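Keep in mind it's a predicted model, so treat the numbers as computed, not measured. Every chain is numbered from 1, with letters handed out A, B, ... down the list of sequences.
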2 protein chains.
Amino acid sequence: MRLTTKGRYAVTAMLDIALHRNRGPISVMDIAERQGISAAYLEQLLAKLKKGGLLVSVRGPGGGYQLDRALAEITVSSIITAVGDGVDATRCHGTGDCQDGDRCLTHELWSDLSGEIDGFLSGISLADLVGRKEVQHVASRQDQRLIHARHL
Amino acid sequence: MRLTTKGRYAVTAMLDIALHRNRGPISVMDIAERQGISAAYLEQLLAKLKKGGLLVSVRGPGGGYQLDRALAEITVSSIITAVGDGVDATRCHGTGDCQDGDRCLTHELWSDLSGEIDGFLSGISLADLVGRKEVQHVASRQDQRLIHARHL
DNA sequence: GCTATACCCGACCAAATCGGTCTACTTTCC
DNA sequence: GGAAAGTAGACCGATTTGGTCGGGTATAGC
Ligand code: FES
Ligand code: FES
């Protein structure tokens, strides 16, 4: 299993959109500035999330991205999967044949681990994250800083 | 967090040594053949495991590697850590400052995840793995195949 | 209908990492 | 002394990562 910045950025962006969902569509630039992510790079990730059915986009001025499901229905696991950072720790990708057709010594171990991780991440939805005090705190700090920066 | 073949190979090798621990020191070649891993590559991993205090080596003919602790004291987590595949899913590596000095939106999430994974892997020792029926089964198959191959 | 805003798309890229090889050396047993 | 092992390190090709660039296209608002 590998969890790279791709997955992290994707979750961060989704959470950002979730937190500002009452402001209408959120533009890539807004997210990029608030979260400190390259806008061009972020676009690619959002495209995948859209393809994965987690987001819808609105084009033209005032446009941006919006969630396509209820907060509680979007799990962290689904976000990471949609963006391509698989949650599979086995080498055989579940088929059980990484040692010329046969199961290797440690297959069971990695398979169990994958289940553990996926179970954990499936149990956390955007609704959960939005509700966390720490998250709300960080979010309001980010909002303030953005307003301040734009004032210059 | 990223779990690559480095960590997988390391655990596999340690388990192989554990399974054959009554035969005296195990040579790199033996492990490589049984597990289908490049011997030259495996050497690097065993060197790290030795540096990490999990193995001791015996030089000269008939030499090889042996475990330096009791089976129950060697956890999967410690093996993976020793070989360099960290189990840290955060971007800030625990310091909580990946957004120019401040904590990012998702720090808590990754931190929790890391804990979850580490907890799981810390709870599994070589003793546990050696005791699993599936593991013993695969091991005896590998032993048979090696004897057969060497007979040619 | 212009134009500014924004998403859309695909090519491209530098750096890092991965998995692995190769060579040369040392220690130890027989 | 020679063979069997571990030790050390440079080196390498392929892939992935994280990211840029440039040109699209849709659309709201004047
Ligand atoms: S990881 Fe599945 S068979 Fe080896
Ligand atoms: S991951 Fe720790 S602050 Fe962002």
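For the contact set between residues 11-27 of chain A and DNA chain C, defined by any heavy atom under 4.0 Å, the members are Ile26(A), Ser27(A). Residues from residues 48-58 of chain B that place a heavy atom under 4.0 Å from any atom of DNA chain C: there are none. The stretch residues 31-43 of chain B touches DNA chain C through Ser38(B), Ala40(B), Tyr41(B), each having a heavy atom within less than 4.0 Å of the strand.
For Asp102(B) and Arg145(A), the salt-bridge test passes: some basic side-chain N is under 4.0 Å from an acidic carboxylate O. At a threshold of 4.0 Å, the pair Arg23(A)-Asp16(A) does not count as salt-bridged, since none of the basic side-chain nitrogens sits closer than that to a carboxylate oxygen. Asp68(B) and Lys51(B) are not joined by a salt bridge, as no carboxylate oxygen comes within less than 4.0 angstrom of a charged side-chain nitrogen.
Partner of Leu15(A) under the side chain to side chain contact (heavy atoms under 4.5 Å, CB included) criterion, out of Val130(A), Ile31(A), Val76(A): Val130(A) alone. For the side chain to side chain contact (heavy atoms under 4.5 Å, CB included) test with Leu49(A), the passing option among Leu54(A), Ile74(A), Ile17(A), Leu67(A) is Leu54(A); the others fail.
We find the OG-CD1 distance between Ser57(A) and Ile26(A) to be 13.5 Å, quoted to the nearest 0.5 Å. The OG1 atom of Thr75(B) sits 10.0 Å away from the CG atom of Asp128(B) when rounded to the nearest 0.5 Å.
Following rounding to the nearest Å, Gln66(A) (CD) and dC7(C) (P) show an atom-to-atom distance of 11 Å. One atom, OH of Tyr65(A), and another, P of dA6(C), lie 13 Å apart when rounded to the nearest Å. Straight-line distance from the NZ atom of Lys6(A) to the C1' atom of dT15(D): 12 Å, rounded to whole Å. Atom CZ in Arg8(A) sits about 11 Å away from atom P in dG19(D), given to the nearest Å. Atom P of nucleotide dA5(D) and atom CE of Met29(B) are separated by 9 Å, given to the nearest angstrom. The distance from atom CG of Leu45(B) to atom C1' of dG20(C) is 11 Å, rounded to the nearest whole Å.
Two residues, Pro61(A) and Asp85(A), neighbour DNA chain D, and the one matched to the more 5' nucleotide by heavy-atom proximity is Asp85(A).
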Side chain to side chain contact (heavy atoms under 4.5 Å, CB included) evaluation trace for Arg8(A) with Arg91(B): CA-CA 8 Å; Arg8(A) 276 195 289 258; Arg91(B) 177 146 84 137; 3.7 Å; yes
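At dC18(C), none of the side-chain N or O atoms of Tyr9(B) fall inside 4.0 Å of OP1 or OP2 (strictly under the cut-off). In terms of phosphate contacts, Thr4(B) brings a side-chain nitrogen or oxygen within less than 4.0 Å of OP1 or OP2 of dG19(C).
The closest side-chain donor-acceptor pair between His20(A) and Asp143(A) falls under 3.5 angstrom. Between the side chains of Trp110(B) and Thr106(B), a donor-acceptor pair is found at a separation under 3.5 Å.
The closest side-chain heavy-atom distance from Gln35(B) to Gln142(B) is below 4.5 Å.
Interface remark: the Gln44(A) side chain does not form any donor-acceptor pair with the dT17(D) base, using a distance-only criterion of under 3.5 Å. Arg59(B) contributes no side-chain N or O that forms a donor-acceptor pair with the base of dT7(D) under 3.5 Å.
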